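First the structure, in the form of structure tokens, and then the observations on it.
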2 protein chains.
Amino acid sequence: MLWSMSTRWLDPEERAAWLRFAAVMELLPGALDAQLRRDAGLSHFDYFVLAMLSEAPEHTLRMTALAQKTNATLPRLSHVVNKLEGRGLVERFPCPEDGRATNARLTDRGWDLVVETAPGHVETVRHLVLDGLSRTQVRQLARISDAMLARLDPEGRMQALINPDASPSVD
Amino acid sequence: MLWSMSTRWLDPEERAAWLRFAAVMELLPGALDAQLRRDAGLSHFDYFVLAMLSEAPEHTLRMTALAQKTNATLPRLSHVVNKLEGRGLVERFPCPEDGRATNARLTDRGWDLVVETAPGHVETVRHLVLDGLSRTQVRQLARISDAMLARLDPEGRMQALINPDASPSVD
DNA sequence: ACCCAAAAGTTGTTCCTTCAACCAATGTCC
DNA sequence: GGACATTGGTTGAAGGAACAACTTTTGGGT
């Protein structure tokens, strides 16, 4: 910002909202991660990967598709799937239609783990986020988040998630 | 959750709110980090450390106090302050009152950097978060965040920030 | 005075993420 | 139908964060 346009600082209401919201963003991810790590030995990202697979047809997705749904880079996903494969939660096999592509599929063990883990995770989300809000506030939060998403993700890559689907998924 | 109490799943409204909110939490930190890294060569955490010092009397804080304000562990803070000290943005000196303690103080260069950087950062926060919201929604966001904070941080360690104070700070 | 527990920081190790380089398969354009 | 760019994915090394172990200083108890 070289051309120093006298900054519009935050007024008290804006500042109050931003500071609180920033504090939530600081604390909530760690809290969710801690619960999953404790109860299932999974990072939040690990769990999310499994959850996305659990929602997919055949419990299978191409790596690229999975990366988009989880908002991850391909290298990151590759490493994580390596780890999950080592634990027998996921298996990889070449995609029949495209020789370049790889499919990731949830194993039975992986599915079982998601099914075991989802209830506790939902309970945590409820406890930390939703239960403190009124019905009205839940609706307000949805609209506010939508407004932010319009700025953060104009292309709507993450919108895939915001549709109806299968059972455990939950995230 | 062994005692398997048939889980209260999220209803459509709750699910809609949570998915959108989770997407925001996924994207926003990275966006803020990217802007600061590009314009000032600082991670968001780095910037936050400097900002907290810039608000403190004498631009000085004990490591422990700084760690609380930034929600960091002491080891993490120690490493980061090492780096910032190497760049001449912060200096450390033993605390006169307590031989165990160390004080961290913002240098002149550090102060200058915060002053240069703050406007662009505020502009980014405005653009990504606040400008998309109505005045009413800004107030709603503050109240909603407060409700979550009551669950996430019952002790209110981060509440220190939610008070009025000096100029550049901004975060 | 002395001992022992707790507090304040630092250092080192490990794990995770990101970045860059790389390989293989596909598709395209003369 | 052969060269070249593109897509899909993996791998290895480098930078950051969490956790554990280790000093040093303080303070309380006897």
Side-chain angles (χ1 to χ4, degrees), chain A residues 25-27 29-38 40-50 53 60-87 89-105 157, chain B residues 25-27 29-34 36-38 41-50 53 60-87 89-105 157:
Chain A
M25 288 204 316
E26 182 71 31
L27 297 175
L32 295 177
D33 211 74
Q35 179 262 322
L36 284 168
R37 221 173 266 281
R38 178 166 46 75
L42 295 171
S43 73
H44 181 73
F45 183 72
D46 294 340
Y47 174 76
F48 201 68
V49 167
L50 299 182
L53 285 175
T60 302
L61 283 173
R62 305 253 282 247
M63 291 294 283
T64 302
L66 189 51
Q68 287 194 197
K69 280 193 197 284
T70 57
N71 190 39
T73 61
L74 219 28
R76 179 183 183 190
L77 182 63
S78 184
H79 281 133
V80 169
V81 170
N82 261 337
K83 192 184 58 179
L84 296 176
E85 196 171 24
R87 291 177 56 180
L89 303 174
V90 168
E91 54 193 358
R92 261 187 291 207
F93 60 97
C95 174
E97 294 94 355
D98 186 335
R100 298 167 293 182
T102 306
N103 281 334
R105 178 169 49 208
R157 290 178 318 158
Chain B
M25 287 204 316
E26 182 70 30
L27 296 175
L32 295 177
D33 210 73
L36 285 168
R37 219 174 269 281
R38 178 167 46 76
L42 295 172
S43 73
H44 182 73
F45 183 72
D46 294 340
Y47 173 76
F48 201 69
V49 167
L50 299 181
L53 286 175
T60 302
L61 284 172
R62 304 254 284 246
M63 292 293 283
T64 303
L66 189 52
Q68 287 194 195
K69 281 194 196 284
T70 57
N71 189 39
T73 60
L74 218 28
R76 179 183 182 189
L77 182 63
S78 184
H79 281 130
V80 169
V81 170
N82 259 337
K83 191 184 59 178
L84 296 175
E85 195 170 26
R87 292 178 55 181
L89 303 173
V90 167
E91 55 193 359
R92 263 186 290 207
F93 59 97
C95 175
E97 292 94 355
D98 187 334
R100 298 168 295 181
T102 305
N103 282 334
R105 179 169 49 207
R157 289 179 316 158

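Only a predicted model underlies this, so the values are computations on that prediction, with no experimental measurement involved. These values consider heavy atoms only, across backbone and side chains, with no hydrogens, waters or symmetry-generated copies. Each chain gets a letter, A, B and so on, in the order its sequence line appears, and its residues count up from 1.
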Anything under 3.5 Å between a donor and an acceptor, one on a side chain of residues 92-99 of chain A, the other on a protein residue two or more places apart or in another chain? List them.
unit_1  : atom_1 : unit_2   : atom_2 : d
A:Arg92 : NE     : A:Glu85  : OE1    : 3.3
A:Arg92 : NH2    : A:Asn82  : OD1    : 2.4
A:Arg92 : NH2    : A:Glu85  : OE1    : 3.2
A:Asp98 : OD1    : A:Arg100 : N      : 2.9
A:Asp98 : OD1    : A:Arg100 : NE     : 3.2
A:Asp98 : OD2    : A:Arg100 : NH2    : 3.0

Under 3.5 Å, N/O pairs linking protein and nucleotides 25-29 of chain D:
unit_1 : atom_1 : unit_2  : atom_2 : d
D:dT26 : OP1    : B:Gly99 : N      : 2.9

From CZ (A:Phe45) to CG (A:Leu77), nearest 0.5 Å:
5.5 Å
Go through the structure and list residues passing salt bridge (charged side-chain N to carboxylate O under 4.0 Å, His left out) with A:Arg87, not counting sequence neighbours.
none
Sequence neighbours left out, what passes salt bridge (charged side-chain N to carboxylate O under 4.0 Å, His left out) with B:Arg105? Give chain and number order.
B:Glu91
Could you report the tightest heavy-atom contact between A:Ser78 and A:Met63, atom names first, then the distance?
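Answer, listing the atom of A:Ser78 first, then A:Met63: CA-CE, 3.9 Å.
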Closest contact, heavy atoms only, A:Leu53 versus A:Ala104
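So the two residues come closest at CD2-O, 3.5 Å.
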Reading nucleotides 10-22 of chain C from the 5' end, what letters show protein touch, with B for base, S for backbone sugar-phosphate only, - for no heavy atom under 4.0 Å?
BBB---SSBBB--
Whole angstroms only, please: what is the [atom1]-[atom2] distance between [X] and [N]?
{"X": "B:Phe93", "N": "C:dA8", "atom1": "CZ", "atom2": "P", "result": "17 Å"}
{"X": "A:Asp33", "N": "D:dA17", "atom1": "CG", "atom2": "C1'", "result": "12 Å"}
{"X": "B:Gln68", "N": "C:dA7", "atom1": "CD", "atom2": "C1'", "result": "13 Å"}

Which residues satisfy the side chain to side chain donor-acceptor pair (under 3.5 Å) test with A:Thr73, sequence neighbours excluded?
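Residues passing side chain to side chain donor-acceptor pair (under 3.5 Å) with A:Thr73: none at all.
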For B:Asp46, which residues count as a side chain to side chain donor-acceptor pair (under 3.5 Å) partner, sequence neighbours excluded?
B:Ser43, B:Lys83
Going by heavy atoms in the side chains, are B:Thr102 and B:Val81 under 4.5 Å from each other?
no
Estimate the overall bend of the helix from C:dA1-D:dT30 to C:dC30-D:dG1 from the end axes over five pairs each, rounded to 10 degrees.
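Rounded value for the end-axis angle: 10°.
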Please work out which of the three classes, parallel, tilted or perpendicular, describes the rings of B:His44 and B:Phe48, given edges at 30° and 60°.
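The arrangement is parallel - the two ring planes meet at less than 30°.
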